[in-house]
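This report refers to the structure that appears directly beneath it.
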Amino acid sequence: MSFLNPLCCVLAMQYANPSILAPFSGLTLVWVILFSGVVVGEHPQRSQKVACALIVFGEVLVALFGDHTNASNMDVDDVIASYLDPAFITF
């Protein structure tokens with residue numbers, strides 16, 4: 001997970017505006033709290049459930065009212081070519 005998450009974030013930023021994608025990193029906390037009872041047997045407290053609800057509410061607000069434009073007009077060939085960029089390979 002610690003390797004795939006940043007890699008997927010970098011790949012996603014090739015297709016969408018970072019102002020839309022960045023807030024969704026908060027969903028990691030939601031998944032941890034939701035699955036903690038199943039995985040480690042630790043049930044979330046009320047404050048954690050409220051925090052989850054606020055994170056999800058914020059994500060919905062960003063999805064509905066956020067800036068959905070992408071400043072770069074890249075097509076699929078441009079994205080594939082960007083994978084050969086030295087900065088991407090180094091990452």
- For Val40, what residues pass the side chain to side chain contact (heavy atoms under 4.5 Å, CB included) criterion, not counting sequence neighbours? Ser36, Glu42
- Task: List, by chain and number, the other hydrophobic cluster members for Leu54, where Ile, Leu, Val, Met, Phe, Trp and Tyr join if side-chain heavy atoms come within less than 4.5 Å, directly or indirectly.
- Result: Val50
- Which distance, rounded to the nearest 0.5 Å, do you find between the NE2 of His43 and the CD of Gln48? 12.0 Å
- Message: Hydrophobic clustering (ILVMFWY, side-chain heavy atoms < 4.5 Å, transitive) - are Trp31 and Val39 grouped together?
- Response: yes
- Task: Please report the shortest heavy-atom distance between Val30 and Cys52, naming the atom on each side.
- Result: CA-SG, 3.9 Å
- Query: What residues form a side chain to side chain contact (heavy atoms under 4.5 Å, CB included) with Leu29, not counting sequence neighbours?
  - Reply: Ile55
- Query: Minimum heavy-atom separation for Leu27 to Glu59, with atom names?
  - Reply: CD2-CG, 3.9 Å
